[in-house]
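Working notes, beginning with the structure itself.
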Amino acid sequence: MQGDACSHAAAATWKQTAPGSYGKCQSGDSSAGSLSLLRRPAGGSWEFGSCFWSLGQAELVPWAMTNDLDIFVGNTTLIDEEVYQLWLDGYSVSDAVSLRLRSGILEQTGATVDVLQSDTMDHYRTFHMLERLLHTPSKLIHQLHFQIPPSRQAMLIERYYAFDEAFVREVLGKKLSKGTKKDLDDVSTKTSITLKSCRRQFDNFKRVFKVVEEMRGSLVENIQQHFLLSDRLARDYAAIVFFANSRFETGKKKLQFLTFEDFAYCAEQMIQNWTLGAVDSNVDDMDVDLDKEFLQELKELKVLIADKDLLDLHKSLVCTSLRGKISVYNEMEANFKNLSRALVNMASKLIHTKDVRDFFIDLVEKFIEPCKSDKWTLNDVRLFLTQYTTSAHNLDAFRHQALWDRYMSTIKSCLLKMYHD
Amino acid sequence: MPGKLKVKIVAGRHLPVMDRASDLTDAFVEVKFGNTTFKTDVYPKSLNPQWNSEWFKFEVDDEDLQDEPLQITVLDHDTYSANDAIGKVYIDIDPLLYSEAATVISGWFPIYDTIHGIRGEINVVVKVDLFNDLNRFRQSSCGVKFFCTTSIPKCYRAVVIHGFVEELVVNEDPEYQWIDRIRTPRASNEARQRLISLMSGELQRKIGLKVLEMRGNAVVGYLQCFDLEGESGLVVRAIGTVCTLDKISNTAFLPACNSPSKEMKEIPFNEDPNPNTHSSGPSTPLKNQTYSFSPSKSYSRQSSSSDTDLSLTPKTGMGSGSAGKEGGPFKALLRQQTQTALEQREFPFFTLTAFPPGFLVHVGGVVSARSVKLLDRIHNPDEPETRDAWWAEIRQEIKSHAKALGCHAVVGYSESTSICEEVCILSASGTAAVLNPRFLQDGTMEGCLEQRLSWQPGFFSIGSEKGEVDFFPQNQDSSSLLGIEETSPPGCGFCHIPYDELNMPFPAHLTYCYNCRKQKVPDVLFTTIDLPAEAMVIGKGCLIQARLCRLKKKAQAEANATSISNLLPFMEYEVHTQLMNKLKLKGMNALFGLRIQITVGENMLMGLASATGVYLTALPTPGGIQIAGKTPNDGAYEQHVSHMQKKINDTIAKNKELYEINPPEIPEEIIGSPFPEPRQRSRLLRSQSESSDEVMELDLSHGKKDAFVLEIDDTDAMEDVHSLLTDVPPPPGFYSCNTEIMPGINNWTSDIQMFTSVRVSRLSNINLTNQTLNKNFNDLCENLLKSLYFKLRSMIPCCLCHVNFTVALPEDEVIQITVTAVAITFDKNQALQTSKVPAEKTLQRASTDNEEQLQFPLELCSDPLVSQPFSPAKEVLENASSHTGIPAAQRATSVDYSSFADRCNSWIELIKLKAQTIRRGSIKTTASLDKASPLAEGHLRHRSVPPCTNSTVSVVKMTPLSFIPGAKITKYLGIINMFFIRETTSLREEGGVSGFLHAFIAEVFAMVRAHVAALGGNAVVSYIMKQCVFMENPNKNQAQCLINVSGDAVIVVRESELEMVPVQPSAAVSQPASAGDVTT
């Protein structure tokens, strides 16, 4: 049905080709939101639209006058950051008005409710018109339609592409597909972020993903160039794209203690060390896909646990150097083989997509949890991992030093980042 | 004389997807001028095509060049079916036809479609080669410059102000042609847009021919309007003021002036109340001035000028020696002369609202005329005689009213119409005035130079002293002027009555001028012009509006016209009373920029008058408002009345405080005996002409000073009083006015925001009575203002300038209000400081009125840099600095800093710049460090911007004012006059009426900006939205809107940038010194 088309098609193109979807983005907090326009009752007052466009004003002006049309257009487009945030957060006009009321703005300015209502609607209209341009920020910069000072443009873009921590944790690593989009109402309920805002954030992820997915060059730079985001936000998006591409599992209960920042850091480490871009800077998808050859080679590390002598030697080297320096020496000594096995086994299995997805679960289950249960401090972990990595270089029989470093440096960074409550 | 038009299509961007299958577009471009069309190649499968076409060349007559717009159509190529149009761009190539305006039009234009709005952009380059370089504009009106600005444009000097020019052309409206029934809405809209574009081109060309006939070279205050008369056709009419302008070249610097003192003595009109006009001395260093300064000589030259030109019959010995303390006989003589001069012209009208100092001698008051006409089909478009005759009738009326007020000219003149079905109200209004004849002829317009300078926005820094600054430079030339200063102080001359006090055209209450105490002044003054720069004002001004609705029966044709013309005088009367009441309530005594708009609808008439109230020091303090009850014996009633009286008194007191109106107390006896016949009520004098014309003269007599009585004799009156008190003052930090600048605020920052706001309100479910209507209308306007204040709150402290309300009644019970204005922020701290100045000034004026004024500047002249000729300026400087507390050292530097800043060719400019520097120094002493190295600053600014600012879109400022605060206009690029139609058949999907119109107005702004940018400009001044006709049909999900905007495209340079240029202080010192030597 047409309704499906509406929610399936990339929002940007749909909007350009069919103005009929106008009401879509305004429609509010219900799962049926995206279809509201199409299901609009014949009478012409639609579910969500009525609160947005001026039809609903009568109740605020109890006497005879109703303002059919009420607009304000400045030569320089007037942008109220506060209202912009409310809009981004997906509030309907009436909700936004009541939120603004609560902020005490009327007392400060001596305005009346209908002034506030009219102001809010004006801004919402402007934002709605700007939204199309925000989908391709370079258009916003070059368009002639709205005169907006560059600093304002940057603010508009940055805020539009900003996302909520709670939301991103729900979606991180999931396939950015229709299916996921359909589940957004659950996400909305769970995170108490409005569905509209969830949709915007999801669409942003997807849009960025689609644009940079197949592109050469640095992921962060590509995002920055195409979406004109700040360095920080571009890095976050790089992580989101990277996670979405490899579909890392991040939603399991065991992983709940990890923040987006943790993941973003890990993603950055992995992008820097484990992708094609780390070795060759001129290939497609260089930052998005893991280096298959590298993953293949990781199997070679197995020798570290398969060869008993090597394992023992490794253990003794680590134990010697850590004696007296680490608070959990006994536990470490007892657990060494298990930990080493876990780390090396993970390496050797990474060639399988499924194991890549479980990468973080494995890290937590096989390394972080045992350590935590033995009450290792962060410093203990750091000392152990450092020694564990460097000691391997002293194993004469072990010939994959470079490979080992490429693997372990990232693992170490990730683990250290993730080792917290 | 033919010309060659060359067009190149470079590229497109952001085109819409025309092929759904590929999500791409195969675009090509058709370039059409007249009947010739060229096409570019198809650029396949791209939304950002790069055509990079050859130069398309059109060889055309210059008549066509003036009339025709260049039409660029972007299409999507379709192999199997008809090509789809993406949109169009119309480019008016008129700016390329002036010698000094733009030379090339090049830039990105939004591609506009009347159904879809803006759809991508196209990069176009347009050039014109006019053949026959020598004398190339003589044969046609190509070279005539047009300005919307209603004052002498900033970088020009008026050599002669010739007078009024008007023209109109009519045609059938394509929307009402039979073919419209079978063509698409798009085709119909495009036909209309094209026709109107053609008509305005033709109109402009015809006006140009008249200008050349009058030996002018420019039209200032050009106002072009469309009357959409529906079935009966389409009228495009324009009025303007013909001038001969001279470009002021900034580089020309001549150190000396030609013996000014000698000339000063020769000046005939010593009695002229404003010595500013005697400005020949320092301000004439322009090389290209060939005329003589001797007045008598120029008169004789004048006499030999052509008949169309205004010529003063040379009267021997006129002026010279006629100066004397007795102004009476001289005044008569002066009037006689100027009258003869002006009477030779058909209509001595001027569309200007601001004038060179000294141009306005006296102001009589507002004159207006209205006429109700029934429209009939225009049968022969080539002979628009009916419409011409209608306007001629009205203008005649205006002329005779002016004469009745003892005035020979009308300034601030404008015309408007309101059409409903087949009834049309034609209105004209202006301000009757006596003008200085010297400005109306060749050779004596140096004053204009000052005018230009004094209007530089930066000059406002010393604003309230403007008057002073204006005339000091003259003082420096000839000390004898101080005598004149004593006899006729500036800033009040224009208030003096032009009519004979013994034979007044209407009963008025006159007193001696509170400023000079030599001449009579009325107690209230209404005008349609801007506040003259030299006027002395106390406190700040404020927007005053009178709003009124009157129900009328629905009727047809004649009956309808009759009932309307019967209602008109009552409306005028009531509007006037309301204005007067509100003015008194504000404690003010004069209105400027008065604009009364009467709108006719199916079943009602609406009146909206807007003006800026001020307190003129020359006029008497307004009395309060007294309420008189009708039944004096009723105790409760009495109490009610006294309660109300108290409320009114409180409001007046509050307003006085709010607007800082604190006139010095002057004992009655000094002023002289006031006239003995106090009048109790305002009266309206109305003259009824034989046709259905209704005319009003605003009565200036409003009763005895402290007894302006409002009688409450019925509920209506009660309502009136209530409504008086319901007007809420703007929130703190906000001021508003409908004139160019706000008296009392001088230190504008460069932060401006021009906006348009539209509201349409439906009066549903109310029993329509005059009272409820009035209340609703009043609320609508007040709410709209409140909404503006709220929206612009981030700009506080700020002033809404040039607030322009337009009322339309598109259907039964629907009111549409359109407001365009500009919000300008100002520096609050300085505002407070300078606001004290006027009060002190007046005090000082009052005390020094005898003669000590001369000493004041001299004793303050302590700075070694500033030699004698600077003394007058110094006073200003000292004055300003004493209020702002700048240390003397800084002052000294500021002097040399500024003196060479602009290669000044006049003293005034020096003073102005100095004043500016002072302001800057005083506001931001801390910031001055950063400013020390402007280059570094610029660099920094560049680097700090976010990565996404590699924008190619240049900023274009827009303002309804004739200037951009904090910036200087360096070049006028031509007039912008654009007409757009937008229609939709999916109203709901576009966000309803609000969404539709919001997008459209934003698009209009965008297209204006794009055209200005393509001309190489960065601002639009005197911007006006002349028409915004909105129609909707919600049932059919359709709406249509027509917008007509105009303005002057200009290049402005920020003043801070101007000052960066000269950086050698040593040269600066020498310059003023040498100049000074010559002068003394």
Using non-hydrogen atoms only, which part of [X] is less than 4.5 Å away from chain A: side chain, backbone, both, or neither?
| X | value |
| --- | --- |
| B/A1010 | side chain |
| B/V819 | neither |
| B/Q816 | neither |
| B/L792 | side chain |
| B/Y1023 | neither |
| B/E1003 | both |

message: Centroid separation under 6.0 Å, is that true for the rings of A/F209 and A/Y237?
response: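 Centroid separation for A/Y237 and A/F209: 6.0 Å or greater.
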- prompt: Can you list every salt bridge (charged side-chain N to carboxylate O under 4.0 Å, His left out) pair that touches residues 115-124 of chain A, not counting sequence neighbours?
  reply: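 Only A/R100-A/D119, A/D119-B/K791, A/D122-A/R125, A/D122-B/K791 qualify under salt bridge (charged side-chain N to carboxylate O under 4.0 Å, His left out).
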message: Let's test your reading of the structure: which of B/I118, B/I796, B/V822, B/L997 forms the most heavy-atom pairs below 4.5 Å with chain A?
response: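 Looking at each option in turn, the highest pair count goes to B/L997.
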task: Just give me the residue among B/M18, B/K957, B/M958 that pairs up with chain A most often, heavy atom to heavy atom, under 4.5 Å.
output: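 Most heavy-atom pairs within the cutoff with chain A belong to B/M958.
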task: Flag this pair as yes if the NZ/CZ of A/R200 is under 6.0 angstrom from the six-membered ring centre of A/Y160 and inside a 45 degree cone about the axis; otherwise no.
output: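 Because its charged atom sits under 6.0 Å from the ring centre and within 45° of the axis, A/R200 does stack over A/Y160.
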- prompt: Do any N or O atoms from the side chain of B/N1037 and from the backbone of B/L987 form a donor-acceptor pair under 3.5 angstrom?
  reply: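 A pair under 3.5 Å: yes.
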Salt-bridge criterion met for B/K786 and A/D114 (N-O under 4.0 Å):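 No salt bridge links B/K786 with A/D114.
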- request: Output, in order, the C-alpha distance, side-chain angles, deciding distance and verdict of ring-ring contact (aromatic ring centres under 6.0 Å, His included) for A/F227 and A/Y161.
  value: CA-CA 9 Å; A/F227 292 92; A/Y161 282 90; 5.5 Å; yes
